[in-house]
Amino acid sequence: MTLTLHRLSCGYSRTPVLRDVSFSVGAGEFVCLLGPNGSGKTALLKTLVGILEPLDGRIQVGGKDWAAWSARERAAQIAYVPQAHAPLFAFRVLDVVAMGRTARWPLWSGPTESDWKAARGALDLVEMQDFAERRYTELSGGERQMILLARALAQEARFLVLDEPVSSLDFGNQVRVLQTLRRLVSDGFGVIMATHHPEHALRCANRVAVVGNGRLSPAAHPEEVLTPEVLEAIYQVPFLVTQLTGRDGRPFSLCTPHLS
Ligand code: ADP
């Protein structure tokens, strides 16, 4: 199963933010999108999951036009983790997670026993089981982000589309989320993640694409893309990329902005 974008234009209110975007993500692939604020990462992700209509071009999943999939079928294919937002209603956390499975609920009824089981399993996966009975409105931004990830996992879709999922998390939770995503990818899920952390792209992604000036660069190997020159062009500050050796003796690259 492959998710393919073909010459896609996307944006808000019929004004294109990105044009001529072509790329594909397969099962077992982890693709990261990097780009400055306002470059159109969210517009692209929202178009991928059907929140925004494509302004031009095509999205296909498994060779079938995305527009031809029903809402239920779409939910079995792609789950979305938005940036954590202020919630409107004081839902119980377990209910929020179970909402990830609305497309699987029997018509005219609520969650079944297997939906509750899947919701609890998703909370276990992100180690948030102790939050099940809490009110979503009473969680910190980082805790909400973990619950939104659990909601997407409960959906059991083949592709996960994530918009800066670790931006409000502490280091421990950042690593836990990235490890969970890597595990899902090795189990055959496809992941597309917008991130502001070149480090995370280097550690997790099979391919990285850069969003800027209304275009998406071809997705390529992280070590090829994440050079000081490219990072400086994205963020307009000097960057260092240093080679280090990990605890396991394996080499890895570290990207850091250079503070003078
Ligand atoms: P990113 O995720 O890379 O920060 P966005 O997709 O959020 O980029 O924004 C791309 C551009 O679209 C920005 O110029 C932003 O101001 C604009 N934009 C964002 N949301 C809306 C909206 N709801 N309506 C119109 N323009 C928007």
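From a predicted model like this one, the values you see are computed outputs, not experimental measurements. Atoms within each ligand, like the ligands themselves, are counted from 1 in listed order.
The shortest separation from a heavy atom of Gly40 to ligand 1 is under 4.0 Å, placing the residue in contact. Using a 4.0 Å heavy-atom cutoff, Gly35 is absent from the residues neighbouring ligand 1.
Ranking protein heavy atoms by distance to atom 10 (C) of ligand 1, first place goes to Gly38 O, 3.4 Å.
Ion pairing of Arg101 with Glu156 is present here, as a side-chain N (NZ or NE/NH1/NH2) and a carboxylate O approach within less than 4.0 Å.
Val210 places none of its side-chain heavy atoms less than 4.5 Å from the side chain of Leu216. Between Cys255 and Leu231, the closest side-chain pair of non-hydrogen atoms falls below 4.5 Å.
Annotation: Val17 places no N or O atom under 3.5 Å from an N or O atom of ligand 1; distance criterion only. Between Tyr12 and ligand 1, an N or O atom pair is found at a separation short of 3.5 Å.
Aromatic ring orientation, Tyr235 versus Phe239: tilted (interplanar angle from 30° to 60°).
Which parts of ligand 1 touch Ala43 is read off a 4.0 Å heavy-atom cut-off, strictly below it: atoms 6 (O). Against a heavy-atom cut-off of under 4.0 Å, Asn37 is close to the following atoms of ligand 1: 4 (O).
Contact annotation: for Ala194 versus ligand 1, there are no heavy atoms closer than 4.0 Å. Both the backbone and the side chain of Thr42 come within contact range of ligand 1, each with a heavy atom under 4.0 Å.
Put simply, CE on Met99 and OH on Tyr136 are 10.0 Å apart, with the number rounded to the nearest 0.5 Å. Taken to the nearest 0.5 Å, the CZ atom of Arg74 stands 5.5 Å off from the CH2 atom of Trp66.
In this structure, Thr195 and Glu164 approach most closely via the heavy-atom pair CA-CG, 4.3 Å.
There is a protein heavy atom less than 4.0 angstrom from atom 18 (N) of ligand 1. Within the 4.0 Å cut-off (strictly below), a protein heavy atom is located near atom 27 (C) of ligand 1.
No hydrogens or angles considered: a donor-acceptor pair under 3.5 Å links the side chains of Ser253 and Gln243.
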